[in-house]
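Numbering of ligands and ligand atoms starts at 1, following listing order.
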Amino acid sequence: MNKARDSFDYDVAVLGGGSAGYAAAHTAAAAGLHTVVIESGSALGGLCILRGCMPSKALLYAAEVLHLARAGKTWGLKIPKAGFDFKAVMARKKVMVEEFAKYRRQELRAGKFKLLRARARFLDGHTVALSEAQGRLPKFLTAKHFVISTGSVAAPSPLPDLDEAGFLTSDEALALPRLPKSLIILGGGPVGVELAQFFCRFDVEVTLIQRGKHLLRDCDADAALALEKAFRREGIRLFTSTELLGASSNGRVKRINFQFRNQIKRVAAAEILLALGRIPATSGLCLEEIGVKTEYGRIVTNASMQTSVPHIYAAGDCTGPHQIVHIGVEQGEIAARNIVHPAKKQSIDYRLLCSVVFTDPQVAVAGLTERRAAELAIPHLTASHLFNDHGKAMIMGTKVGFVKLLAAPRTGEILGGACVGPSGGELIHEIIAAMRRRMTVGELAAMPHYHPTLAEIWTYPAAELAEQIKAG
Ligand SMILES: Cc1cc2nc3c(=O)[nH]c(=O)nc-3n(C[C@H](O)[C@H](O)[C@H](O)COP(=O)(O)OP(=O)(O)OC[C@H]3O[C@@H](n4cnc5c(N)ncnc54)[C@H](O)[C@@H]3O)c2cc1C
C-alpha cells in the first residue's frame, strides 16, 4: 500500500461522511491506509444524526410519553391535563441532535483520516474534483481506491401540481417551529407512518394517503393491518389503495385529489408532507463517465460492495438496497476491509436483515417474512401469539399486536420473526441473536425467560412450532 502513496494522494478516498462513510474511513485508517473523507454538507453528522433516526426517535418518544400520560386512566391514574409546549419539545430534540452531532464531529476530526469539507465529483477513475470547498483546499485529489457513500435525498414530487402547492419533506417536518392544524401525509412507508403518529399525538389532524393496499409495503399484511387498526383507533384518517390525481393550494389551505374505491376524493389540510421515500444521492458524481454502473440512480455493487469499476466501492443509502443505518455501516466496513485485504474478500449477508418502525405498536422484522418466503418459494412453518393474551402486555394495557416466527419445516431452524407490539424494536433482537446462532424453535422455547416479561412471549410460537415439527 505504501507504493500507492507514491502515485496517488491517498490510498482511500471516501465520498460522504455520514454513517456509512465514517465506518469505511475509520476501518481503512485503522488498518493503516492513508485515508481522506470528503464531506459536502454544511453540517457534519450525516442523515441519521441530523435529519433521520435520532431527531425522529427523540420526537416519537416525546409523543409516546404524552400519549401514555393522557391514557393514565387505564392504570387508575389521575393526570388532570397532560399537555405540551411544542417549542420545548423541539428544543429538547435539538439539544439531543447537537449532542450526537458533536460526538460525530469529534470522531471525524480526531480520526486517523483526513477530513475535507467539499463536494466531490469524478474526473476520472482515480481523480475527484473538489468544489464548494470550506477553506483553502486543492482543486482535485487522487486516490487508489474510493468508497462512495453519498447517501440519499428525498424523492421528488410525482406531480408538478404538488411542487406548485408546496410541501414539507421529513427534513422540514422534523424541524417545524410550530405545529400545523392539519396535515396530509403522502406515503405510508416507515417515515410516513412514524411522522403520522407523531403529529397525531400532538393534536394535528392527520390524513395519510398510501398508494399500496397496506401501510409498510415490505411487511406482511398481518403486521400492516395491526398498525392500520391502531392508527384508525387513534384518529388518523387512513386511505390505502389510492391513486394520486392532483394538488392545489389557495395560500391558506392545501388540497389533494385522489382516487379511492372508484371515487374521486378531495382532502384539505394546512400542510402536506411528502413521504414517498428517498432516492440515491448520485447525480452530479459523473459515475457514468467513469463506468460505474447505476440502476435508477442506485450504485450497483456485488456482495463485496465493489462497483462495476473494481477499485471503487459503495456503501449506505447511495447503493441500498435497504436504507437502514446499521446496514450502511456494515457495508462501509466491508468495503474498507476488502480494500485492505483484497485476497480475503468479505461479503455482505442479508440473512439477518432487521427493520424497525418506531410507531406504537412498533413493527420489527428480522430475517424472512412470509411475503418474501412466498416470493422465493421457501418452505416454512409459521406460528403467532397475540399480545392481548400475554401477561406483561396486559399489565401494560397493550391491545394490539403479535409476535410471529417462521421456521424451516424439517429442521426447525428459525428463519424469521416479526414483532408488532410494545418494545418490538428491542424484542426482535432475541430473534436476531437466535438466528445468528442458527437456533431452532425447540431451542428457543427451551431457553429460560424471566416472568413476567414481554420477551417470554416468543416461547409460545416457538413451542407451538416445535410441537408441529415433532408431530411431523
Ligand atoms: C426521517 C428518517 C428517519 C430514519 N430513521 C431511521 C431509523 O430509525 N433507523 C435506521 O436504521 N435508519 C433510519 N433512517 C435511514 C438512515 O438515516 C439512513 O439509512 C442512513 O443515515 C444513511 O447513511 P449514509 O451514510 O448512507 O448517508 P448520509 O448519512 O446521508 O451521508 C451521506 C453524506 O454524503 C454527503 N455527500 C453527498 N454528496 C456528496 C458529494 N458529492 N461529495 C461529498 N459529500 C457528499 C452528504 O452531505 C452526507 O453527509 C431514517 C431516515 C429518515 C429520513
Q. Which heavy atom of the protein is the closest neighbour of atom 4 (C) of ligand 1, given with residue, atom name and distance?
A. Cys53 N, 3.5 Å
Q: Compute the shortest N/O to N/O distance between Lys57 and ligand 1 and return yes if it is under 3.5 Å, no if not.
A: yes
Q: Tell me which protein heavy atom sits closest to atom 3 (C) of ligand 1, plus the residue, atom name and distance to 0.1 Å.
A: Gly52 C, 3.4 Å
Q. Evaluating non-hydrogen atoms only, which member of Arg117, Glu39, His326 is closest to atom 47 (O) of ligand 1?
A. Glu39
Q | is_close_aromatic(Phe122, Phe146), centroid dist under 6.0 Å | A | yes
**Q.** Nearest-contact summary for atom 29 (O) of ligand 1 - protein heavy atom, Å
**A.** Leu47 N, 2.8 Å
Q.
Side chain or backbone, does Arg278 bring an N or O within less than 3.5 Å of an N or O on ligand 1?
A. no
Q: Could you tell me whether Val191 approaches ligand 1 through its side chain, its backbone, both or neither, with non-hydrogen atoms closer than 4.0 Å?
A: side chain
Q. Could an N or O of ligand 1 be found under 3.5 Å from any N or O of Asp317, whether backbone or side chain?
A. yes
Q.
Please report whether ligand 1 has a polar contact with Leu15, defined as an N or O pair separated by less than 3.5 Å (distance criterion only).
A. no
Q: State the CE-OH distance between Met305 and Tyr313, to the nearest 0.5 angstrom.
A: 10.5 Å
Q | Rounded distance [0.5 Å steps], CD in Glu132 versus OG in Ser40 | A | 7.0 Å
**Q.** Atoms in ligand 1 with a heavy atom of Ile38 nearer than 4.0 Å
**A.** 43 (C), 44 (N)
**Q.** Under 4.0 Å to a heavy atom of Gly41 - the qualifying atoms of ligand 1, by number
**A.** 47 (O)
Q.
Donor-acceptor check, side chain of Asp11 to backbone of Leu33, threshold 3.5 angstrom: yes or no?
A. no
Q: Identify, for atom 27 (O) of ligand 1, the protein heavy atom at the shortest distance, and state residue, atom and that distance.
A: Gly151 CA, 3.3 Å
(Q) Taking a cutoff of less than 4.0 Å between a non-hydrogen atom of the residue and any ligand atom, is Tyr22 in contact with ligand 1? (A) no
Q) Quick one: does Ala281 get within less than 4.0 Å of ligand 1, heavy atoms only? A) no
Q.
Once rounded to the nearest 0.5 Å, what's the spacing between atom CZ of Phe167 and atom OG of Ser249?
A. 13.0 Å
Q. Looking at atom 34 (O) of ligand 1, what's its closest protein heavy atom, distance included?
A. Gly16 CA, 3.2 Å
**Q.** Proximity of Val356 to ligand 1 by residue part, where a heavy atom lies under 4.0 Å
**A.** neither
Q: Looking only at protein heavy atoms, identify the closest one to atom 37 (C) of ligand 1 and say how far it is in Å.
A: Thr150 O, 3.3 Å
Q) Any Lys/Arg nitrogen of Arg371 or Glu375 sitting under 4.0 Å from an Asp/Glu carboxylate oxygen of the other? A) no
Q | Atom indices of ligand 1, in the order listed, that fall short of 4.0 Å to a heavy atom of Gly18 | A | 25 (O), 29 (O), 31 (O), 33 (C)
Q.
In this structure, is the centre-to-centre distance between the rings of Phe8 and His126 below 6.0 Å?
A. yes
Q) So, Arg70 and Asp203, do they make that salt bridge, N to O below 4.0 Å? A) yes
**Q.** Salt-bridge present (Lys57, Glu194; N to O < 4.0 Å)
**A.** yes
Q) Can the ring centres of His26 and Phe113 be said to be less than 6.0 Å apart? A) no
Q: Looking only at distances, please establish whether an N/O atom of ligand 1 is found under 3.5 Å from an N/O atom of Gly46.
A: no
Q: Answer yes or no for Ala118: is there a heavy-atom contact with ligand 1 below 4.0 Å?
A: yes
Q) To the nearest 0.5 Å, what is the distance between OG1 (Thr207) and CZ (Phe258)? A) 8.0 Å
Q: Below 4.0 angstrom from a heavy atom of Gln323, which ligand 1 atoms are there? Numbered from 1 as shown, please.
A: 15 (C), 19 (O)
Q: Please identify which atoms of ligand 1 are closer than 4.0 Å to at least one heavy atom of Ser56.
A: 3 (C)
Q | atom 42 (N) of ligand 1 - nearest protein heavy atom and its distance | A | Ala120 N, 3.0 Å
Q. Which of the numbered atoms in ligand 1 are below 4.0 angstrom from a heavy atom of Cys48?
A. 17 (O), 21 (O)
Q | Under-4.0 Å salt bridge between Asp220 and Arg372 | A | no
Q: Output yes when the distance from some N or O of ligand 1 to some N or O of Ala20 is under 3.5 Å, and no in every other case.
A: yes
Q) Would you say Val325 has any N or O atom under 3.5 Å from an N or O of ligand 1, going by distance alone? A) yes
**Q.** Numbered atoms of ligand 1 (with element) below 4.0 Å of Ser149, judged on heavy atoms
**A.** 32 (C), 33 (C), 34 (O)
Q: Could you tell me the separation between the CZ atom of Arg121 and the CD atom of Glu289, rounded to the nearest 0.5 Å?
A: 9.5 Å
Q.
Students should be able to answer this: which protein heavy-atom is nearest to atom 1 (C) of ligand 1, and at what distance?
A. Arg51 O, 3.7 Å
Q. Could a heavy atom of Arg121 be found less than 4.0 Å from some atom of ligand 1?
A. no
Q) So, for Phe387 and Phe402, is the gap between ring centers shorter than 6.0 Å? A) no
Q. Roughly how far apart are Ile185 CD1 and Glu271 CD, rounded to 0.5 Å?
A. 11.0 Å
Q. Do Ser40 and ligand 1 have an N or O pair less than 3.5 Å apart?
A. yes
**Q.** Min heavy-atom dist Gly328 to ligand 1 below 4.0 Å
**A.** no
Q.
Checking side-chain contact (heavy atoms from CB on, under 4.5 Å) between Leu15 and each of Leu285, Val147, Ile312, which is the one that passes?
A. Leu285
Q: Could you list the atoms of ligand 1 found under 4.0 angstrom from a heavy atom of Ser19?
A: 25 (O), 29 (O)
(Q) Under a 4.0 Å threshold between the charged nitrogen and the carboxylate oxygen, would Asp171 count as salt-bridged to Arg51? (A) yes
Q | Glu205/Arg237 salt bridge by N-O under 4.0 Å criterion | A | no
